[in-house]
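Worksheet: one structure, shown below.
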2 protein chains.
Amino acid sequence: MIANLKALPDKTIERLSQYRRNLLICLSKGKQHIFSHEIAQIHNITPVQVRRDLMLIGHSGTLRKGYDVKELIDLIGRILDTKDGLKVCVVGIGNLGRSLIGYFNGRRSKLSIVAGFDVNPDKVDKNYAGVHCHHVDRLNEIIKRDGITIAIITVPAEQAPDVAEKLVIAGIKGILNYTPKSVNVAPHVYLEEYDMITSLEKVAYFVKRNGNAE
Amino acid sequence: MIANLKALPDKTIERLSQYRRNLLICLSKGKQHIFSHEIAQIHNITPVQVRRDLMLIGHSGTLRKGYDVKELIDLIGRILDTKDGLKVCVVGIGNLGRSLIGYFNGRRSKLSIVAGFDVNPDKVDKNYAGVHCHHVDRLNEIIKRDGITIAIITVPAEQAPDVAEKLVIAGIKGILNYTPKSVNVAPHVYLEEYDMITSLEKVAYFVKRNGNAE
DNA sequence: GTAACATTGTTAAATTTGTAACAATGATAT
DNA sequence: ATATCATTGTTACAAATTTAACAATGTTAC
């Protein structure tokens, strides 16, 4: 690895992922160079922030010509991706789980959802957008067999802590928990949690606030 | 309104929403008092942060007895909720849209999803978990008719900017955008964006990082 | 009744994140 | 050839958020 010895800020990582996605679209449209203010506009942020992020990853643009789109995509890839990619599983094949699988499939080459898990016998051994669904009882076995390192939890909230525990035992290194129930994991496991209800209540709060202010 | 004249920090709002959800569970189990460190443990945060949040909303606990669960729930309600509630619509009745509707229905009394929209004729005029799906062409009409103030966007990414624009014109006050495409809205409209791919790539980055460190 | 203690509420420090300011630079116009 | 200009890269500043420190206080144990 070249220069990313010091950890990049969380928020920069998030933005890099987003930059890349849109840069790929730009590239597919034949755009070869892009200015910081163009990237900024796409993402509703300031050009300064874009330049700062790119500075942090050590990318240099050309004065008056902007950044080379292809180079930038490659560099972000070297930061975000692993050489051989990582395998992901989804635990809980409800609407949300299926939505994630469908959303993802074929989009990002270096991350791939390779397995699903559910307790419902109607779902077990069926395929969802090309992903095979196993019974949760086989969690440990399949994760180890296939070398899966990342798991997404989309089961009913009550079951989340239990699932998380099993995932950690199975050797999972990163968890994305979409249930409203926070889970505990060993410190070496990276945990990211997101809860849609919270987001909606937050929006509601600010709508209420703006209304009061008028 | 009593004391929330000064805006509360974003993150505090998010946590309040989560506290309340778990406090309701505690209450239903008959627990009447709770300590800051108990709340903290549920949410994987520090007791200090909990106390600080509660300080900000002006709640007082009883020394050595903790916080009165019911009082706290009520106070958070006074901050987050509006008296008559707010109406929400979901634009895009795919897996994610349906997941949100199912997830939400009946859970929070003060926010209710009252309408869905889609372009697919197979979905139009059907019900999803009790929510009627209209054709997107009727967006403006229905939003105004029913007094909907909040919208969740779960359409394919390319269509997000266009949908957002229509929503703003229809008078929506808050938008929750779940597509990877960032949208522009007038400054008086509160916008929250979340992208699942970004979260997953972020988890992958930190998994990679932890691995390298070893 | 007194001392020890657990727990709260608050102020201060540290960290993280975003914004502004501006020098450096090379292309473009005249 | 020179001046102007747009744009980058970087440093310094500001705002938001988290963490630490600790005084205040009422409860419990003795």
Side-chain angles (χ1 to χ4, degrees), chain A residues 3-4 6-19 23 31-69 71-72 75 182 187 190-193 198 202 205-206 209, chain B residues 3-4 6-19 23 31-69 71-72 75 182 187 190-193 198 202 205-206 209:
Chain A
N4 67 337
K6 49 195 171 306
L8 294 163
D10 259 58
K11 302 287 173 170
T12 294
I13 295 299
E14 292 178 13
R15 283 190 297 266
L16 287 177
S17 162
Q18 288 162 349
Y19 295 163
L23 288 170
K31 192 170 175 59
Q32 297 187 353
H33 293 272
I34 192 164
F35 295 122
S36 60
H37 66 258
E38 291 177 298
I39 298 180
Q41 191 178 24
I42 293 171
H43 300 90
N44 277 322
I45 57 179
T46 65
V48 189
Q49 195 159 52
V50 174
R51 293 206 298 277
R52 209 168 183 296
D53 285 336
L54 300 191
M55 186 191 81
L56 288 174
I57 64 173
H59 184 73
S60 289
T62 316
L63 203 56
R64 207 136 181 158
K65 215 176 168 187
Y67 302 93
D68 184 296
V69 175
E71 269 180 26
L72 191 45
L75 179 55
S182 186
Y190 184 83
L191 174 66
E192 173 96 2
E193 305 198 302
T198 294
K202 185 178 166 190
Y205 170 78
F206 284 103
R209 264 210 132 247
Chain B
N4 66 336
K6 48 194 174 305
L8 295 163
D10 260 56
K11 303 285 175 168
T12 294
I13 295 299
E14 293 178 13
R15 282 190 297 266
L16 288 176
S17 160
Q18 288 163 349
Y19 295 163
L23 288 170
K31 190 169 176 62
Q32 297 187 354
H33 295 271
I34 192 164
F35 295 123
S36 60
H37 67 258
E38 292 178 298
I39 299 180
Q41 191 178 24
I42 294 171
H43 300 90
N44 275 324
I45 57 179
T46 66
V48 189
Q49 194 159 53
V50 173
R51 292 206 299 275
R52 212 171 183 294
D53 285 336
L54 299 191
M55 186 190 82
L56 288 174
I57 66 174
H59 184 74
S60 289
T62 316
L63 202 57
R64 208 138 183 158
K65 213 175 170 189
Y67 303 93
D68 185 296
V69 175
E71 270 180 24
L72 191 45
L75 179 55
S182 186
Y190 184 82
L191 174 66
E192 173 96 2
E193 306 198 302
T198 294
K202 186 179 166 191
Y205 170 79
F206 284 105
R209 264 211 130 244

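The structure presented is a predicted model; accordingly, all values stated were derived computationally and were not measured. Lettering of chains follows the sequences in order, A, B, ..., and the numbering in each one begins at 1.
The CD1-P distance, from A/Ile57 to D/dG9, rounds to 11 Å in whole Å. Counting to the nearest Å, the C1' atom of C/dG18 and the CD atom of A/Glu14 are 14 Å from each other. Put simply, NZ on A/Lys65 is 14 Å from P on D/dG9, counting in whole angstrom units. Rounded to whole Å, the distance from CD on A/Glu71 to P on D/dT8 is 14 Å. One atom, CG of A/Leu56, and another, P of D/dT8, lie 16 Å apart when rounded to the nearest Å. Taking atom CG on A/Leu54 and atom P on D/dT7, their separation rounds to 16 Å, with Å as the unit. In this structure, B/Asp10 places its CG atom 10 Å from P of D/dT18, rounding to the nearest Å. One atom, CG of A/Leu8, and another, C1' of C/dT16, lie 14 Å apart when rounded to the nearest Å.
Candidate nucleotides D/dT17, D/dT11, C/dT17 were compared by shortest atom distance to the side chain of B/Lys11, and D/dT17 ranks first. The listed nucleotides are C/dT10, D/dG9, C/dT7; the one nearest the side chain of B/His37 is C/dT7. Here the side chain of A/Arg15 is nearest to one of C/dG18, D/dG9, C/dG9, namely C/dG18. Comparing atom distances between the A/Phe35 side chain and each of D/dT8, C/dT8, D/dT17 picks out D/dT8 as nearest.
Atoms CG and CD1, from A/Leu75 and A/Ile57 in turn, are 4.0 Å apart once rounded to the nearest 0.5 Å.
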Where protein sits on nucleotides 19-27 of chain C, one letter per nucleotide: B base, S sugar-phosphate only, - none, heavy atoms under 4.0 Å: BB----BBB

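Among residue pairs with one or both ends in residues 36-59 of chain A, those qualifying as salt bridge (charged side-chain N to carboxylate O under 4.0 Å, His left out) are A/Arg15-A/Asp53, A/Lys31-A/Glu38; sequence neighbours excluded.
Residue B/Ser60 places none of its side-chain N or O atoms closer than 4.0 Å to OP1 or OP2 of C/dT8. Checking the phosphate oxygens (OP1, OP2) of D/dT7, no side-chain nitrogen or oxygen of A/Ser36 falls inside 4.0 Å.
In this view, A/Gln41 satisfies the side-chain contact (heavy atoms from CB on, under 4.5 Å) rule with no residue, not counting sequence neighbours. Partners of B/Phe206 according to the side-chain contact (heavy atoms from CB on, under 4.5 Å) rule, which considers only residues two or more places apart in sequence or in another chain, are A/Asp10, A/Tyr190, B/Lys202. Residues passing the side-chain contact (heavy atoms from CB on, under 4.5 Å) test with B/Thr46, sequence neighbours excluded: B/Val48, B/Gln49. The side-chain contact (heavy atoms from CB on, under 4.5 Å) check on B/Pro9 picks up B/Thr12, B/Leu56, with sequence neighbours excluded.
Residue B/Thr12 is classed as having no contact, given no heavy-atom separation below 4.0 Å to the nucleic acid.
The minimum heavy-atom distance between A/Ala40 and A/Pro47, with the atom names listed, is CB-N, 3.5 Å.
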